[in-house]
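Down below is the structure, laid out as structure tokens.
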Amino acid sequence: MSDNIQTVKVLSKTTWTPNLFSFTVSRPDSFKFTAGQFVRLGVNPSKLQYYQQNNKQTVEQAPNEDIFRAYSIVSSPFDEVLEFFSIVITDGAFTSQLQHLQVGDELLLNTMPFGFLTLARYQKPMPKDLWLLATGTGLAPFLSMLQDLQTWEDYEHIVLAYSARSFDELAYVDRIKQLQEDFGTLVDNPAQLIFIPIVTREPIAGALTERLPKLLLEGTLQAEAGIALDIDSTHVMLCGNPEMVDDTKEALKELGLIMNRRGEGNIAVENYW
Ligand SMILES: Cc1cc2nc3c(=O)[nH]c(=O)nc-3n(C[C@H](O)[C@H](O)[C@H](O)COP(=O)(O)OP(=O)(O)OC[C@H]3O[C@@H](n4cnc5c(N)ncnc54)[C@H](O)[C@@H]3O)c2cc1C
Ligand SMILES: NC(=O)c1ccc[n+]([C@@H]2O[C@H](COP(=O)([O-])OP(=O)(O)OC[C@H]3O[C@@H](n4cnc5c(N)ncnc54)[C@H](OP(=O)(O)O)[C@@H]3O)[C@@H](O)[C@H]2O)c1
């Protein structure tokens, strides 16, 4: 096993829908990361099945067939545990196994953090507005950033727009609504968090219903936030479905924003597949 791979224990599990769940694992003492980064998590299907069938006795006889996948960290860099938010893909090699996780099971964690969807990528001074646009589990890195006090100090407004197919798939809504109270009170002049839920496949009161690019091009998202998007005042981060990332990037470019490179520019992105 590589030096970077450690075994971590599952401490809790929250099921949101049959296709979505979150879980926390123990955090190795030496493991450090920046809000927005991802790690590689590993399962050994035989071991997981062995745990389930044998009352979590010993895994000595399980053959070695580890499968690793990238996972954004939901929890803050200052938390004692690591939290993750996962899809279940019916035929997916990783999540068809991971969905059976139970408290007490073990997972593999590659403790090398990856990724540049972090606020550190932007050159200071920060502009006044941060837009965080997510589909599905692409919410994860933004939850980590929103649990980092620096984010609340660096901006005047943080707009979080989070798109899911149905209302029940909008996970973490209560936690998002609590963030302003929990983190916004810990710094002087905290940012104002503006949360915009989007539900695309059923009409829901209080949620927008169109896809992100359309909402941006029509100005609906900006009107809902009460803030303009412009090249001087805005950082925008996109995370989740690659088609959303591409289409939204194009919409933002049409609105005059530019990709962030070497610290300069507005738009930063992360694709999940
Ligand atoms: C940088 C990065 C960070 C990631 N972070 C997360 C995360 O925090 N949570 C998470 O659930 N997944 C995340 N993923 C996706 C994850 O790595 C796996 O793809 C996912 O766990 C499915 O694995 P699988 O083997 O079951 O299916 P795969 O064979 O990996 O995927 C099969 C298909 O399922 C769909 N798919 C895969 N992942 C997702 C997803 N998250 N949401 C919707 N559809 C998906 C795609 O159509 C994909 O082609 C991330 C991926 C990357 C590259
Ligand atoms: N969610 C389910 O009920 C369900 C059921 C069975 C299987 N799955 C599988 O699970 C995987 C992911 O499902 P998911 O619902 O988490 O992710 P998803 O398909 O990425 O949908 C999440 C959100 O992203 C939006 N979106 C998709 N493409 C977009 C684009 N180009 N521009 C802007 N917004 C876009 C969706 O809007 P739209 O609604 O307009 O697409 C939805 O609001 C898929 O591979 C799917 O086959 C999901």
Side-chain angles (χ1 to χ4, degrees), residues 13-25 33-45 48 65-75 82-101 107-110 112-118 133-145 161-172 196-204 207-218 220-221 236-252 268-273:
K13 180 177 178 182
T14 305
T15 300
W16 303 103
T17 70
N19 286 324
L20 287 174
F21 67 102
S22 296
F23 57 97
T24 61
V25 301
F33 66 97
T34 303
Q37 285 192 305
F38 66 92
V39 285
R40 295 181 69 77
L41 288 177
V43 293
N44 182 314
L48 272 184
E65 321 165 357
D66 303 334
I67 305 172
F68 280 85
R69 288 288 184 275
Y71 267 75
S72 302
I73 304 167
V74 167
S75 41
L82 297 174
E83 181 170 350
F84 300 97
F85 177 28
S86 185
I87 187 85
V88 178
I89 304 291
T90 313
D91 302 323
F94 188 80
T95 53
S96 63
Q97 300 299 324
L98 193 76
Q99 66 175 324
H100 300 301
L101 266 191
L107 281 181
L108 299 172
L109 168 74
N110 185 327
M112 178 73 79
F114 292 100
F116 299 101
L117 193 74
T118 67
L133 311 182
T135 54
T137 53
L139 176 70
F142 301 150
L143 288 172
S144 185
M145 291 175 200
Y162 167 29
S163 179
R165 295 178 180 191
S166 61
F167 179 71
D168 64 344
E169 290 179 343
L170 274 184
Y172 286 101
I196 305 179
I198 302 168
V199 175
T200 43
R201 298 200 187 183
E202 61 186 14
I204 291 290
L208 300 180
T209 54
E210 301 287 356
R211 286 181 163 192
L212 279 160
K214 186 161 189 247
L215 291 171
L216 285 163
L217 289 172
E218 289 177 347
T220 314
L221 202 67
V236 196
M237 293 189 148
L238 313 177
C239 188
N241 184 319
E243 284 172 22
M244 175 284 284
V245 168
D246 275 357
D247 296 350
T248 308
K249 207 163 62 180
E250 291 312 311
L252 290 167
V269 307
E270 188 157 84
N271 289 320
Y272 268 9
W273 64 92

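First listed ligand is number 1; within each ligand, the first listed atom is number 1. In what follows, residues are counted from 1 in the order of the sequence shown.
- The protein heavy-atom contact nearest to atom 26 (O) of ligand 1 is Thr95 OG1, 2.5 Å.
- Across Met244, Arg165, Glu210, heavy-atom proximity to atom 14 (P) of ligand 2 is greatest for Arg165.
- Counted within 6.0 Å of CZ on Phe116, heavy atoms from surrounding residues, nucleotides or ligands total 12 or fewer; the atom is thus considered open.
- Neither the backbone nor the side chain of Ser166 has any atom closer than 4.0 Å to an atom of ligand 2 (non-hydrogen atoms only).
- With Lys214, Glu243, Glu169, Arg211 as candidates, the residue nearest to atom 26 (N) of ligand 2 on a non-hydrogen basis is Arg211.
- Among all protein heavy atoms, the one lying closest to atom 23 (C) of ligand 2 is Ser163 O, 3.4 Å.
- In terms of protein heavy-atom proximity, atom 27 (O) of ligand 1 is closest to Gly92 CA, 3.6 Å.
- Taking atom 11 (C) of ligand 2 as the reference point, the nearest protein heavy-atom neighbour is Ile89 CD1, 4.0 Å.
- Atoms CZ and CD, from Arg69 and Gln97 in turn, are 11.0 Å apart once rounded to the nearest 0.5 Å.
- Of all protein heavy atoms, the one closest to atom 5 (C) of ligand 2 is Asn19 ND2, 3.6 Å.
- Summarising the contacts of atom 36 (N) of ligand 1 with Leu20, Leu117, Ile89, Asp91, the nearest heavy atom is found in Ile89.
- Distance from atom 18 (P) of ligand 2 to its nearest protein heavy atom, with residue and atom name: Asn241 ND2, 3.8 Å.
- Ligand 1 has no atom lying under 4.0 Å from any heavy atom of Gly136.
- The single protein non-hydrogen atom nearest to atom 18 (C) of ligand 1 is Arg69 CD, 3.8 Å, given as residue, atom name and distance.
- Judged by distance alone, with hydrogens and angles left aside, the side-chain atoms of Ser86 form no donor-acceptor pair with the main-chain N or O of Ser22 at under 3.5 Å.
- Within 6.0 Å of CZ in Phe68 there are more than 12 heavy atoms belonging to other residues, nucleotides or ligands.
- Atoms CZ and CG, on Phe84 and Leu143 in that order, are 13.0 Å from each other to the nearest 0.5 Å.
- Below 4.0 Å from some heavy atom of Phe85 lie the following atoms of ligand 1, by number and element: 7 (C), 8 (O), 9 (N), 10 (C), 11 (O).
- By the 4.5 Å heavy-atom criterion applied to side chains, Leu133 and Leu216 are counted as neighbours.
- The backbone N or O of Ala35 sits nowhere less than 3.5 Å from a side-chain atom of Ser144 that would complete a donor-acceptor pair.
- When Phe84, Phe114, Trp273 are ranked by how near their heavy atoms come to atom 39 (C) of ligand 1, first place goes to Trp273.
- Protein heavy atom at the shortest distance from atom 12 (C) of ligand 2 is Ile87 CD1, 4.0 Å.
- Nearest protein neighbour of atom 31 (N) of ligand 2, counting heavy atoms only, is Asp247 OD2, 3.0 Å.
- Side-chain atoms of Thr248 never come within 3.5 Å of backbone atoms of Leu212 as a donor-acceptor pair (strictly under, hydrogens ignored).
- Among protein heavy atoms, atom 41 (N) of ligand 1 sits closest to Thr137 OG1, 2.8 Å.
- In this structure, Glu243 places its CD atom where only 12 or fewer heavy-atom neighbours from other residues, nucleotides or ligands lie under 6.0 Å away.
- For atom 31 (O) of ligand 1, the nearest protein heavy atom is 4.0 Å or more away.
- One N or O on the side chain of Lys13 and one on the backbone of Gln99 form a donor-acceptor pair closer than 3.5 Å.
- When only modelled atom types and interatomic distance are considered, Thr17 and Asn19 share no side-chain donor-acceptor pair under 3.5 Å.
- Remark: among candidates Ser72, Gly240, Ala70, Pro242, the nearest residue to atom 52 (C) of ligand 1 is Ala70, based on non-hydrogen atoms.
- Here atom 6 (C) of ligand 1 lies nearest to Tyr272 when heavy atoms of Phe68, Tyr272, Phe21, Phe94 are compared.
- Within the 4.0 Å heavy-atom criterion, neither part of Thr248 lies near ligand 2.
- Contact atoms of ligand 1 toward Ala93: 24 (P), 25 (O), 26 (O) (distance under 4.0 Å to a heavy atom of the residue).
- Between the side chains of Tyr272 and Ser72, at least one donor N or O sits under 3.5 Å from an acceptor N or O.
- Taken from CG in Asn44 to CG in Leu107, the straight-line distance is 10.5 Å, to the nearest 0.5 Å.
- Looking at Asn271 next to ligand 1, no N or O pair under 3.5 Å apart turns up.
- For the atom pair CD (Glu210) and CD1 (Ile198), the distance works out to 10.0 Å, reported to the nearest 0.5 Å.
- Residue Tyr71 forms a ring pair (Phe, Tyr, Trp, His ring centres under 6.0 Å) with just one option from Phe33, Phe85, Phe94, and that option is Phe94.
- Looking at Leu20, Asp168, Thr200 and measuring to atom 38 (P) of ligand 2, the nearest heavy atom belongs to Thr200.
- Ligand 1 has no N or O atom lying under 3.5 Å from any N or O atom of Glu270, backbone or side chain.
- Heavy-atom proximity to Arg201, at under 4.0 Å, picks out these atoms of ligand 2: 38 (P), 39 (O), 41 (O).
- Here's the thing with Gly136: none of its N/O atoms is less than 3.5 angstrom from an N/O atom of ligand 2.
- Below 30°, between 30° and 60°, or above 60°: for Trp16 and Tyr172 the angle between ring planes is between 30° and 60°, a tilted geometry.
- For atom 7 (C) of ligand 2, no protein non-hydrogen atom is found at a distance below 4.0 Å.
- The protein heavy-atom contact nearest to atom 25 (C) of ligand 2 is Thr135 CG2, 3.8 Å.
- Taking atom 21 (O) of ligand 1 as the reference point, the nearest protein heavy-atom neighbour is Tyr71 OH, 2.7 Å.
- With distances taken over non-hydrogen atoms, the option nearest atom 11 (O) of ligand 1 out of Val39, Ile87, Thr135, Val74 is Ile87.
- Taken to the nearest 0.5 Å, the CE atom of Met237 stands 9.5 Å off from the CD atom of Glu270.
- Counting only distance, with no hydrogens or angles, the side chain of Thr95 and the backbone of Ile89 share a donor-acceptor pair below 3.5 Å.
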